[in-house]
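Shown next, in structure tokens, is the structure this report addresses.
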Amino acid sequence: MDNSVKDKIRKLLTQVIQKREELHSQSEPLKNLVISRPKKKEWGDLSTNLPFVLSRQTHLSNHQVGQVLREELKSCRLFSRVEFVSPGFLNFFLSSFYLQETLKGIVAEKGEFTRFSLGENRKVQVEFVSANPTGPLHIGHGRAAAFGDSMANILEKVGYQVEREYLVNDVGGQIQRLARSVIARLRELEGKSFELPKDGYQGAYLVDIAGKLREKLGKQLSQEKDEKSFLEMVANFTIEEILKWIREDLREFGVSFDLWFSESELHRSNELLQAISYLKEKGYTYMEDGALWFKTSSILEAEEDRVLRRSNGEYTYFASDVAYHLNKLKRGFYQVIDIWGADHIGYVPRMKAVAQALGYPRGALRMIIYQLVTLKRGGQKVSASTRSGEFIPLKEVVREVGKDAARFFFISRTGDSHLDFDLDLAKKQTPENPVFYIQYAHARICSIMKKAREKGIELDDLLGANLDLLRTSEEKTLMVQLALLPDQIKEAAENLEPHHLAGFLEEMAGQFHYFYTRHRVISENRDLTLARLFLVEAVRIAIADVFQILGISAPQEM
RNA sequence: GCGCCUGUAGUUCAGUGGAUAGAAUGUCGGCCUCCGGAGCCGAAGGUCGCAGGUUCGAAUCCUGCCAGGCGCGCCA
């Protein structure tokens, strides 16, 4: 646990600054301190810009600061070498001692090695997907699902208690339109004249639901005279059916939720009215044109005021979202994280203003926006719209390319960028497809371990391995990569950026294949064999560990 | 018109204010007696959208343009 190399180095640097008077300064030297991975091997395994930073704050030159730091650190057993390089970098070469400790740690502790206590067991909530129950999940929801679930896993890994939540928007005009669309399909099935509502849902998937509805509730429906009850019956049935699809699609995608929260519950429980009157009491509302408005502008100048209750007396979706967020915030989470698609971008300042109006600190509510997905097939872009019925369902994509490839593609780049999802590439079972490349490394290692067992070497025998024998640059590269894994995970959690893990895996798989083609793991030399098996087993554990976070399977054979 | 996101190799994309800007893929050329060739190596490929500014140092920060995406409802 808490195996961050960077934290260890940061601590050492802090100690040196405290110890050496000439390095003292008024400002906080570590604020601008960066410890990063240099671009070139000869610049060490890790490097810091601290000489730059400190020289600005003291009367010393980059060079002088660097030499002082080097003197103090060069005998640390964390490093084999510490070098100052002009113009102002301090480069660290990790010691064999530390790299071997890392290997032993990984093999002994498995996934526990990359765990952190950072979250201090605080409760965090991640709300994601929350697709309207008006149709099956499409490709865009896939990005939300993969991203949200991986994010939740990462936060758990660094010590938070994470709750995954899906908000079901089962209220409002869209549900009315949905029900009317089903009713039209019902008439279609009965051979009557029918017309799909123009603003309704055109997708053929509603025909199935209409059929099922007729089969199950046909009699009751034909006896129902009250139009409102009729509509409600259809709506409820339809929502339930669609939610079944959604749950099933998510299950196939390896995503599950702790709580499915119904928007209608907020209406039934009176929480909506309570939330609104709370805002009223605090003076954040006013009446105009017969509607009740929220004074967004009093909190964020650039924002326009928004309607909470329409002049016809109905509450807006915004109003239920106020109630929903109050409900969430009141549950005592250290942080509530909403993961939204770019089409909700305009909503962010509004909801932040609401959280503030409700009296919660700035950091309590955090929104992550991911950009939309473009699906490509045969070089052609495919558009996605639930209402028009022209969309590629997530289920279809998952069945076509597999859960693993789909999840990998979705989290492989930052949420800030548009995602071009190339179906043809994701489907390929060749090394062009990064997920197969990485899985292949894992399977290859499993195969080596199996071979070793056939030769009479058991996992327990590895414990006696002499890791001093791992001396080649290829072995060293892998060990360094493994040593950096905990930091990688910690940083992904801090920045809420899972895509770095995908890059890390690709890199490590590449390093492994490179090593493999140059050195035999199992050879006549038993000691060397044991040492290399130890290394390779650590790599395998690391791959499986990160895959587990990303919800991707680590196959033993392919 | 206003707000947010994006613009980096032919293509898809990485890149905490740091060192000679990287990878994958594609193109071209190589490597199988041997633990999984579903792999490996090499080469070519760039005015980091454009123009200013900030500083020891800018793909990264600021300003202004240009281009694309998403928003800007008493819809959800």
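Nothing here was measured: the structure is a model prediction, and the numbers come from that model. Chain identifiers are assigned alphabetically (A, B, ...) following the order of the sequence lines, protein sequences preceding nucleic acid strands; residue numbering begins at 1 within each chain.
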* Asked: Base, sugar-phosphate, or nothing for A:Glu454, non-hydrogen atoms under 4.0 angstrom?
  -> nothing
* Structure fact -> Any stem touching RNA chain B, meaning at least three consecutive Watson-Crick or G-U pairs under 3.5 Å, ordered by first number, would be B:1-7 with B:66-72, B:10-13 with B:22-25, B:27-31 with B:39-43, B:49-53 with B:61-65
* Asked: Can you tell me how far P in B:U16 sits from the matching atom in B:C72, rounded to whole Å?
  -> 31 Å
* Whole-Å C1' distance, B:A43 and B:G26 -> 14 Å
* To do: From the options B:C5, B:C56, B:G36, select the nucleotide whose nearest atom is closest to the side chain of A:Arg56.
  => B:C56
* Asked: Is the distance between the ring centroids of A:Phe515 and A:His519 under 6.0 Å?
  -> yes
* From B:C5, B:A76, B:A19, pick the nucleotide closest to the side chain of A:Lys39? -> B:A19
* Asked: Under 4.0 angstrom, heavy atoms only, what part of the nucleic acid is A:Pro87 near: base, sugar-phosphate, or nothing?
  -> nothing
* Donor-acceptor pair present, A:Ser447 side chain and B:C35 base, under 3.5 Å -> no
* **Atom pair CZ (A:Phe261) and CG (A:Asp170), whose distance is rounded to the nearest 0.5 Å** => 10.0 Å
* Asked: What residue among A:Gln488, A:Arg37, A:Lys476 forms side-chain hydrogen bond (donor to acceptor under 3.5 Å, both in side chains) with A:Gln481?
  -> A:Arg37
* Listed nucleotide nearest any side-chain atom of A:Thr517, set B:C75, B:C40, B:U16 -> B:C40
* Is there a donor on the side chain of A:Thr134 or the base of B:A76 sitting less than 3.5 Å from an acceptor on the other? -> no
* In terms of ring plane angle, is the pair A:His344 and A:Tyr347 parallel, tilted or perpendicular, where the classes change at 30° and 60°? -> perpendicular
* Structure fact -> When rounded to the nearest 0.5 Å, the distance separating CG of A:Leu206 from OH of A:Tyr201 is 9.5 Å
* Taking the P atom of each, how far is B:C41 from B:C32, in whole Å? -> 15 Å
* May I have the distance from A:Gln488 (atom CD) to B:U16 (atom P), rounded to whole angstrom? => 12 Å
* Asked: Given B:G73, is OP1 or OP2 found less than 4.0 Å from the side-chain N or O atoms of A:Tyr347?
  -> no
* No-H, no-angle donor-acceptor pair, A:Lys6 side chain to B:U16 base, under 3.5 Å -> yes
* **Interatomic distance, A:Ile489 atom CD1 to A:Leu484 atom CG [nearest 0.5 angstrom]** => 11.5 Å
* **Matching residue for A:Ser61 among A:His59, A:Gln64, A:His63 - test: side-chain hydrogen bond (donor to acceptor under 3.5 Å, both in side chains)** => A:Gln64
* Asked: For A:Gln511 and B:A24, what is the distance between atoms CD and P respectively, to the nearest whole Å?
  -> 12 Å
* In whole Å, what is the span from the CZ atom of A:Phe515 to the C1' atom of B:G37? -> 18 Å
* **Inter-nucleotide P distance (B:C40, B:U8), Å rounded** => 27 Å
* Which one, B:A19, B:C5, B:G37, comes nearest to the side chain of A:Tyr516? -> B:G37
* Structure fact -> From NZ of A:Lys376 across to P of B:U25 the rounded distance in Å is 17 Å
* Are the side chain of A:Asn495 and the backbone of A:Glu491 linked by a donor-acceptor contact shorter than 3.5 Å? -> yes
* Nucleotide B:U55, atom C1' - distance to CG of A:Asn62 in whole Å -> 13 Å
* Rounding to a whole Å, what distance do you find between A:Lys41:NZ and B:U20:C1'? -> 18 Å
* To do: For A:Ala452, report the nucleic acid contact type (base, sugar-phosphate, nothing); a contact means any heavy atom under 4.0 Å.
  => nothing
* Between B:G22 and B:A9, how far is it from one P atom to the other, in whole Å? -> 14 Å
* Quick one: OG on A:Ser320 to CD on A:Glu265, what's the gap to the nearest 0.5 Å? -> 12.5 Å
* To do: Pull up the glycosidic torsion of B:C62 and say syn or anti, syn being anything within 90° of 0.
  => anti
* **Nucleotide nearest A:Arg413 (side chain, heavy atoms from C-beta), chosen from B:U12, B:C40, B:A76** => B:U12
* Asked: Do A:Asp404 and A:Leu550 have side chains that get closer than 4.5 Å, going by heavy atoms?
  -> no
* Under 4.0 angstrom, heavy atoms only, what part of the nucleic acid is A:Ile35 near: base, sugar-phosphate, or nothing? -> base
* To do: Take atom P in B:C5 and the same atom in B:C61, then report the distance between them in whole Å.
  => 10 Å
* Under 4.0 angstrom between A:Arg444 side-chain N/O and B:G37 OP1 or OP2 -> yes
* Asked: Are the ring of A:Trp43 and the six-membered base ring of B:A19 within the stacking cut-offs of under 5.5 Å and under 30°?
  -> yes
* What nucleotide among B:C35, B:C70, B:A19 has an atom nearest to a side-chain atom of A:Arg520? -> B:C35
* Among B:G15, B:C70, B:A76, the one nearest A:His499 by side-chain distance -> B:G15
* Take A:Asp416 and A:Arg350, find for each the nucleotide of RNA chain B with the closest heavy atom, and name the residue whose nucleotide sits nearer the 5' end. => A:Asp416
* Do any side-chain nitrogens or oxygens of A:His519 fall under 4.0 Å of OP1 or OP2 in B:C35? -> no
* Contact class for A:Asp321 (heavy atom, under 4.0 Å): base, sugar-phosphate, or nothing? -> nothing
* Asked: If you check every side-chain atom of A:Thr414, which of B:U16, B:C41, B:A14 has the closest atom?
  -> B:A14
* **Pairwise P distance, B:A44 and B:A38 [rounded to whole Å]** => 29 Å
* Please report, rounded to the nearest Å, how far the P atom of B:U25 is from the CD1 atom of A:Ile438. => 12 Å
* Would you kindly check whether a donor in the side chain of A:Asn433 faces an acceptor in the base of B:A38, or vice versa, at under 3.5 angstrom? => no
* To do: With rounding to the nearest 0.5 Å, note down the distance linking NZ in A:Lys450 to CD in A:Glu557.
  => 6.0 Å
* Could you check which of B:C4, B:C40, B:A38 has an atom nearest any side-chain atom of A:Ile345? => B:C4
* Picking from B:U12, B:C56, B:C70, which would you name as closest to the side chain of A:Asp420? -> B:U12
* A:His418 NE2 - B:A67 C1' separation (whole Å) -> 12 Å
* Which is true for A:Leu372 with a 4.0 Å heavy-atom rule: it touches a base, it touches only sugar-phosphate, or it touches nothing? -> sugar-phosphate
* Across the strands shown, which category fits A:Tyr514 at heavy-atom distances under 4.0 angstrom: base, sugar-phosphate, nothing? -> sugar-phosphate
* Asked: Which whole number of Å gives the distance between the C1' atom of B:A59 and that of B:C13?
  -> 14 Å
* To do: Hey, could you give me the OG/CG distance between A:Ser55 and A:Leu50, rounded to the nearest 0.5 Å?
  => 9.5 Å
* Closer to the 5' end of RNA chain B via nearest nucleotide, is it A:Glu557 or A:Glu303? -> A:Glu303
